[in-house]
Amino acid sequence: MNKISIITPDDWHLHLRDESFMTAIVGDSANQFGRAIIMPNLNPPVRDCAQALAYRERIKAALPKQSRFEPMMTLYLTDHTSIADIKTASKSKFIHGAKLYPAGATTNSDAGVTDIGKLYPVFEQMQKSGFMLQVHGEVTSPEVDIFDREKIFIERQLQRIRKDFPELGIVFEHITTREAVEFVRACDASLAATITPHHLLINRNALFQGGIRPHHYCLPVAKRERHRRALLEAACGGEKFFFAGTDSAPHSKSAKESACGCAGIYSAHSAVELYAEAFESSADFTHFETFMSCNGADFYGLPQNTGSITLERTEWTIPDSLPYPESDLIPFKAGQTLHWKLVANG
């Protein structure tokens, strides 16, 4: 097989930043995807409907001319999010959920939730309104090993939310473990998960090959090889509650390579090709379109895109760096050769 054509895919988890940082990279996602769920962890975060809609307008203004890319907005949950915030946002056709960041879990999460119990009235309203909950699934307790944070979050928090709000739509984002795969499989139809290209392509060894590799540092961190294989099996197996979400997160080279390098991997430049590379490793593209283009839209209750994209089997090299404010941006797999190239999007 030398050519693949699929329905135009969507990115169900994307960081675009803001202002000049957003302008520098939003075209990458627009070239690859039809729509994307936009993360609200700006500084300050996107907490209410008015802020989300204003952010959407800034994104639309930064897009390349004639782009049909559609940003799908989210709210940032805090200890002080109100029922009124959810009622207002749920009536907007442009806002598609609210993001739960445990406080301190990742970039710009300091304003996140300190006690999930405080949000029970909010979860109740979200369940009533059919408003999606997107979850960064890690505990932040210092005594918990960083490689166990997702597993412990399932045991301590997510099982509790699932039990107490059985009809609340939940997206368990950027899962990284076999335990997460098994949890999603065991749940009912109101819970699904996104999987990133980097968690399909690397395990935790990539952080330490030849020294510390800051451009492979993300949160949740990559896990053991057995977990990567479980994710690949879930993505390639056609199971309807797993779909693409890049968690592409731009940080300048200087920020990544500083004494306290920040978490985040930038994959938007070649996201579809990277997913194709993962499916290529399993030698089975049977469910590539299902994972990339169908499952996410179906779970969110949205129509699938009407256009298509085409990839061709050809070797090409990801750039060593991309232009970005302050210093260059190093994309995932920089300088490495991929075997599939996006050649048409329309």
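Both Leu53 and Leu14 belong to a single network of hydrophobic side chains, linked directly or stepwise wherever heavy atoms of I, L, V, M, F, W or Y lie under 4.5 Å apart. Phe131 and Ile83 fall into different hydrophobic clusters, where Ile, Leu, Val, Met, Phe, Trp and Tyr are joined by side-chain heavy atoms under 4.5 Å apart, directly or via other members. If you chain together hydrophobic residues whose side chains sit under 4.5 Å apart, Met132 and Val46 fall into the same group. Neither Leu207 nor Leu200 shares a network with the other; the hydrophobic side chains, linked directly or stepwise wherever heavy atoms of I, L, V, M, F, W or Y lie under 4.5 Å apart, form separate groups for each. In the hydrophobic clustering of this structure, Met39 groups with Met22; members are Ile, Leu, Val, Met, Phe, Trp, Tyr whose side-chain heavy atoms approach within less than 4.5 Å, directly or through other members.
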Gln304 and Asp298: CA distance, side-chain angles, deciding distance, side-chain hydrogen bond (donor to acceptor under 3.5 Å, both in side chains) verdict | CA-CA 7 Å; Gln304 295 172 11; Asp298 292 349; 3.2 Å; yes

Apply side-chain contact (heavy atoms from CB on, under 4.5 Å) to Phe243 and Thr290, showing your working.
-> CA-CA 8 Å; Phe243 42 88; Thr290 300; over 6 Å; no

Test side-chain hydrogen bond (donor to acceptor under 3.5 Å, both in side chains) applied to Thr177 and Glu150, step by step = CA-CA 7 Å; Thr177 60; Glu150 183 173 277; 2.5 Å; yes

Derivation and outcome, salt bridge (charged side-chain N to carboxylate O under 4.0 Å, His left out), residues Arg47 and Asp85 | CA-CA 8 Å; Arg47 301 177 189 230; Asp85 290 331; over 6 Å; no

Take Asp18 and Arg58 through the test side-chain contact (heavy atoms from CB on, under 4.5 Å) and record every step on the way to the result.
-> CA-CA 8 Å; Asp18 207 352; Arg58 296 197 298 276; 2.8 Å; yes

Test Leu100 against Leu133 for side-chain contact (heavy atoms from CB on, under 4.5 Å), laying out the working first.
-> CA-CA 7 Å; Leu100 170 61; Leu133 174 66; 4.0 Å; yes

Report the C-alpha distance between Glu182 and Arg185 in whole Å, list the side-chain angles of each, state the deciding distance to 0.1 Å, and finish with yes or no for salt bridge (charged side-chain N to carboxylate O under 4.0 Å, His left out).
-> CA-CA 5 Å; Glu182 292 172 349; Arg185 286 174 174 157; 5.9 Å; no

Please test Phe291 against Tyr275 for ring-ring contact (aromatic ring centres under 6.0 Å, His included), starting from the C-alpha separation and ending with a verdict.
-> CA-CA 10 Å; Phe291 176 77; Tyr275 278 118; 5.6 Å; yes

Full working for side-chain contact (heavy atoms from CB on, under 4.5 Å) between Ile170 and Ile161 | CA-CA 9 Å; Ile170 298 175; Ile161 297 172; 3.9 Å; yes

Show your reasoning for whether side-chain hydrogen bond (donor to acceptor under 3.5 Å, both in side chains) applies to Trp340 and Glu280.
-> CA-CA 9 Å; Trp340 288 95; Glu280 174 87 356; 2.9 Å; yes

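At a cut-off of 3.5 Å, with distance as the only test, a side-chain donor of Ser190 or Arg162 sits close to an acceptor on the other residue. Side-chain N/O atoms of Asp284 and Ser282 include no donor and acceptor closer than 3.5 Å. Between the side chains of Asp79 and Thr114, at least one donor-acceptor pair of N or O atoms lies under 3.5 Å. Judged by distance alone, the side chains of Asn305 and Asp10 do bring a donor and an acceptor atom under 3.5 Å apart. If you check the side chains of Asp11 and Thr246, you find a donor sitting under 3.5 Å from an acceptor. Residues Glu289 and Ser293 bring no donor and acceptor atom of their side chains to less than 3.5 Å of each other. If you check the side chains of Thr310 and Ser5, you find a donor sitting under 3.5 Å from an acceptor.
Rounded to the nearest 0.5 Å, atoms CG (Leu311) and CE (Met292) are 8.5 Å apart. With rounding to the nearest 0.5 Å, the separation of CD1 in Ile318 from CD1 in Ile330 is 12.0 Å. Between atom NZ of residue Lys256 and atom OG of residue Ser254 there is a gap of 11.5 Å, rounded to the nearest 0.5 Å. Between the CG atom of Asp148 and the OG atom of Ser141 there is a distance of 12.0 Å, given to the nearest 0.5 Å. Interatomic distance, NE2 of His227 versus CD1 of Ile175, reported as 11.5 Å (0.5 Å rounding).
In this pair, Tyr76 and Tyr101 present their aromatic rings tilted. The plane angle is within the 30 to 60° band. Between Phe285 and Phe288, the ring planes are perpendicular. Angles over 60° get that label, and only those under 30° would be called parallel.
Around atom CD of Gln159, more than 12 heavy atoms belonging to other residues, nucleotides or ligands sit under 6.0 Å away. For Glu143, the CD atom sits in a packed shell: over 12 heavy atoms of surrounding residues, nucleotides or ligands are nearer than 6.0 Å. Other residues, nucleotides and ligands place no more than 12 heavy atoms under 6.0 Å from the CZ atom of Arg229. Residue His339 qualifies as enclosed at atom NE2: its count of foreign heavy atoms under 6.0 Å is above 12. No more than 12 heavy atoms of other residues, nucleotides or ligands lie within 6.0 Å of CD in Glu19, so this atom counts as exposed by the packing criterion. Shown here is Arg68, whose CZ atom has no more than 12 heavy atoms of other residues, nucleotides or ligands within 6.0 Å. In Lys3, the NZ atom is not crowded: 12 or fewer heavy atoms of neighbouring residues, nucleotides or ligands sit closer than 6.0 Å. The local environment of NZ in Lys341 is crowded, with over 12 non-hydrogen atoms from other residues, nucleotides or ligands closer than 6.0 Å.
For the side-chain hydrogen bond (donor to acceptor under 3.5 Å, both in side chains) with His251, the qualifying choice from Glu257, Glu326, His15, Arg17 is Arg17, the only one to do so. Partner of His13 under the side-chain hydrogen bond (donor to acceptor under 3.5 Å, both in side chains) criterion, out of Glu173, Gln134, His136: Glu173 alone. When each of Val181, Leu201, Thr196 is paired with Leu231, the side-chain contact (heavy atoms from CB on, under 4.5 Å) condition holds for Val181 and for no other.
At distances below 3.5 Å, not a single donor-acceptor pair connects side-chain atoms of Thr194 with backbone N or O atoms of Gly245. Ser90 places a side-chain N or O within donor-acceptor distance of the main-chain N or O of Lys87, the cut-off being under 3.5 Å. Judged by distance alone, with hydrogens and angles left aside, the side-chain atoms of Ser258 form a donor-acceptor pair with the main-chain N or O of Ala255 at under 3.5 Å. Not one N or O on the side chain of Arg149 forms a donor-acceptor pair closer than 3.5 Å with the backbone of Asp145. For the pair Ser129 (side chain) and Met126 (backbone), a donor-acceptor distance under 3.5 Å is absent.
When all heavy atoms of Val135 and Lys99 are compared, the closest pair comes out as C-CE, 4.0 Å.
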Which donor-acceptor pairs under 3.5 Å do the side chains of residues 266-273 make with protein atoms, sequence neighbours left out?
unit_1 : atom_1 : unit_2 : atom_2 : d
Tyr266 : OH     : Asp28  : OD2    : 2.6
Glu273 : OE1    : Gln32  : NE2    : 3.0
Glu273 : OE2    : Leu342 : N      : 3.0

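Annotation: Trp12 is in aromatic contact with Tyr300 [ring centroid separation under 6.0 Å].
Seen from the ring of Phe147, Arg224 does not count as a face-on cation partner, given the 6.0 Å and 45° thresholds.
Arg178 and Glu233 are not joined by a salt bridge, as no carboxylate oxygen comes within less than 4.0 angstrom of a charged side-chain nitrogen.
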